[in-house]
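Basis for what follows: all heavy atoms, side chains included, without hydrogens, waters or symmetry-related copies.
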Amino acid sequence: MKIVVLAGGLSPERNVSLSTGCMVAEALKGLGHQVAFVDMFFGVEGSGALEALFDGHVPEEARRVSREAPDLEKIRASRPDGGRNLFGPRVLELCAMADLVFIALHGTCGEDGRVQAAFDLMGIPYTGAGYLGSAIAMDKDLTKRLVAGKVNTPSWRLAEYTQADVELLVADCPLPCVVKPVASGSSIGVSIAHTEGELRQTLAESLKTGGRVVLEEYVKGREVQVGILDGAALPSIEIIPKQGFYDYANKYQPDGAVEVCPAPIPPEVEEELRRAAVRVYETLGLSVYSRADFILDEEGRIWFLEINTLPGMTPTSLLPQEASAVGIGYAQLCEKIVEASLEARKQGK
């Protein structure tokens, strides 16, 4: 099968995406597929035949995720045309040649439904959820509105604000609270504010990225996540950061956190977590695979936080670990995603 692995793009999670794409491409090649790895933003240089890319090089240097998020303005400026189009040169032409595009993108460039919608219009099959479910799941406020009442979720409010509103928000927000960008992933821009000073500083920082955040009740407890593959929940995994919380650095550096799978929790709690994850998945109309994030509080109650429609597949990512716990190796996981995606596209999901 000819498969394009689409990675990179232009989002704060660009480096994570490149790492995911590198590993996925290597796994698919090992399974005998013809694989073309391409950075969605930079595309393909020159006018040579695209066919040769399906036996091309997978950039090993992209495997490891750097500790810092990328400078997107610098990356945008490095493209000759200034990066006006998020699809780089010849990307869509290459994707149209494939039997399937494996979307290894993360964040607002690739996970918010726009790429999926473009592929639907062009009749290009792709991996993961469809455009509508992707768009909903990317919006943390909308996701919580839809699932509230079906699963426990911490109280929250959407804040769209300017500098003039900061003091009012600080005075009106119960502490501690979690401040999250409405549409982002990999915990980029997420912080826990314990004091008015910390909240004030966080809100000021968030103005630089648009001033649109979710202010969420802080629930103390254990961080547990549940992957879903083809509609069925995988074993849960507990994340224990070595310091702080499970932020960008702790997620993607090899020594950032201890991850235990299956999570050491009672069977009845495990079953409740799995049911809740599938309930969210189905409520949002998702397909193929996802990963839901929960907090298990000190009284044993579970709290849904958010769901990721294109979970990372990097060397430290969680979904491959959960799959491994039930005997599904990395390459087999990639193949299952391919097969489930082709079936989902046939069914119009």
Side-chain angles (χ1 to χ4, degrees), residues 12-13 67-69 107-108 137-226 238-253 256-258 263 265 269 273 276 280 291-308:
E13 296 173 77
R67 187 170 290 273
E68 300 297 328
T108 51
M138 193 68 200
D139 187 310
K140 295 179 177 64
D141 173 60
L142 183 53
T143 292
K144 286 166 75 75
R145 288 176 186 270
L146 290 174
V147 303
K150 298 184 178 182
V151 294
N152 288 334
T153 188
S155 60
W156 83 100
R157 63 179 289 191
L158 172 65
E160 299 179 274
Y161 66 100
T162 66
Q163 181 63 51
D165 304 312
V166 169
E167 289 305 320
L168 181 60
L169 286 172
V170 170
D172 195 41
C173 184
L175 295 173
C177 78
V178 184
V179 183
K180 302 178 178 181
V182 171
S184 186
S186 291
S187 296
I188 293 173
V190 175
S191 63
I192 302 173
H194 295 274
T195 67
E196 289 189 354
E198 290 176 349
L199 179 57
R200 187 176 292 110
Q201 180 179 352
T202 297
L203 290 172
E205 286 294 319
S206 295
L207 280 171
K208 298 175 184 177
T209 55
R212 190 167 183 262
V213 299
V214 166
L215 301 174
E216 184 180 75
E217 172 193 7
Y218 172 69
V219 177
K220 183 179 181 181
R222 298 160 66 183
E223 298 185 53
V224 183
Q225 303 189 1
V226 178
E238 181 176 4
I239 303 98
I240 308 169
K242 292 186 177 178
Q243 59 180 356
F245 70 102
Y246 198 47
D247 60 7
Y248 182 83
N250 284 333
K251 281 186 176 181
Y252 298 112
Q253 301 309 310
V258 175
I265 57 179
V269 177
L273 276 166
V280 172
R291 193 202 66 240
D293 301 356
F294 296 90
I295 291 290
L296 179 61
D297 73 17
E298 295 170 329
E299 297 179 10
R301 294 173 299 186
I302 64 171
W303 299 86
F304 166 74
L305 301 179
E306 59 191 76
I307 192 164
N308 186 316

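- By the 4.0 Å N-to-carboxylate-O rule, K140 lies too far from E216 to be salt-bridged with it.
- The line from CD1 of I295 to CD of Q225 is 9.0 Å long, rounded to the nearest 0.5 Å.
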Evaluation steps, side-chain contact (heavy atoms from CB on, under 4.5 Å), between E238 and L296 = CA-CA 10 Å; E238 181 176 4; L296 179 61; over 6 Å; no
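- Here T143 contributes atom OG1 and I307 contributes atom CD1; the two are 8.0 Å apart, rounded to the nearest 0.5 Å.
- Once rounded to the nearest 0.5 Å, the distance linking CG of L215 with CH2 of W156 reads 12.5 Å.
- Here the closest non-hydrogen pair linking T108 and M138 is N-CE, 3.7 Å.
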task = Quick one: do L203 and V170 satisfy side-chain contact (heavy atoms from CB on, under 4.5 Å)? Show the steps, please.
result = CA-CA 9 Å; L203 290 172; V170 170; 4.0 Å; yes
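- Side-chain contact between E205 and V179: absent, with no pair of heavy atoms (C-beta onward) separated by less than 4.5 Å.
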Check residues 147-155 and write down every donor-acceptor pair under 3.5 Å in which the side-chain atom is one partner and the other belongs to a residue at least two apart or another chain.
from, atom 1, to, atom 2, distance (Å)
T153, OG1, K144, NZ, 2.6
T153, OG1, F304, O, 2.8
S155, OG, E217, OE1, 3.1

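- Looking at P241 and E223, their side chains come closer than 4.5 Å, going by heavy atoms from C-beta outward.
- Residue T195 holds its OG1 atom at 8.5 Å from CZ of R200, rounded to the nearest 0.5 Å.
- The two residues I302 and A276 make their nearest non-hydrogen contact at CD1-CB, 3.9 Å.
- Closest non-hydrogen pair, I265 versus V269, comes out as CD1-CG1, 4.1 Å.
- Under the 4.5 Å side-chain criterion, counting only non-hydrogen atoms from C-beta, L158 is in contact with V182.
- A distance of 9.0 Å separates CG of L207 from CG of D165, quoted to the nearest 0.5 Å.
- Taking every heavy atom of both residues into account, S206 and Y161 meet most closely at CB-OH, 3.1 Å.
- A distance of 12.5 Å separates CG in L199 from CD1 in I192, rounded to the nearest 0.5 Å.
- Within 6.0 Å of the CD atom in E167, the count of heavy atoms belonging to other residues, nucleotides or ligands exceeds 12.
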key: Evaluation steps, side-chain contact (heavy atoms from CB on, under 4.5 Å), between R157 and D172   = CA-CA 11 Å; R157 63 179 289 191; D172 195 41; 3.0 Å; yes
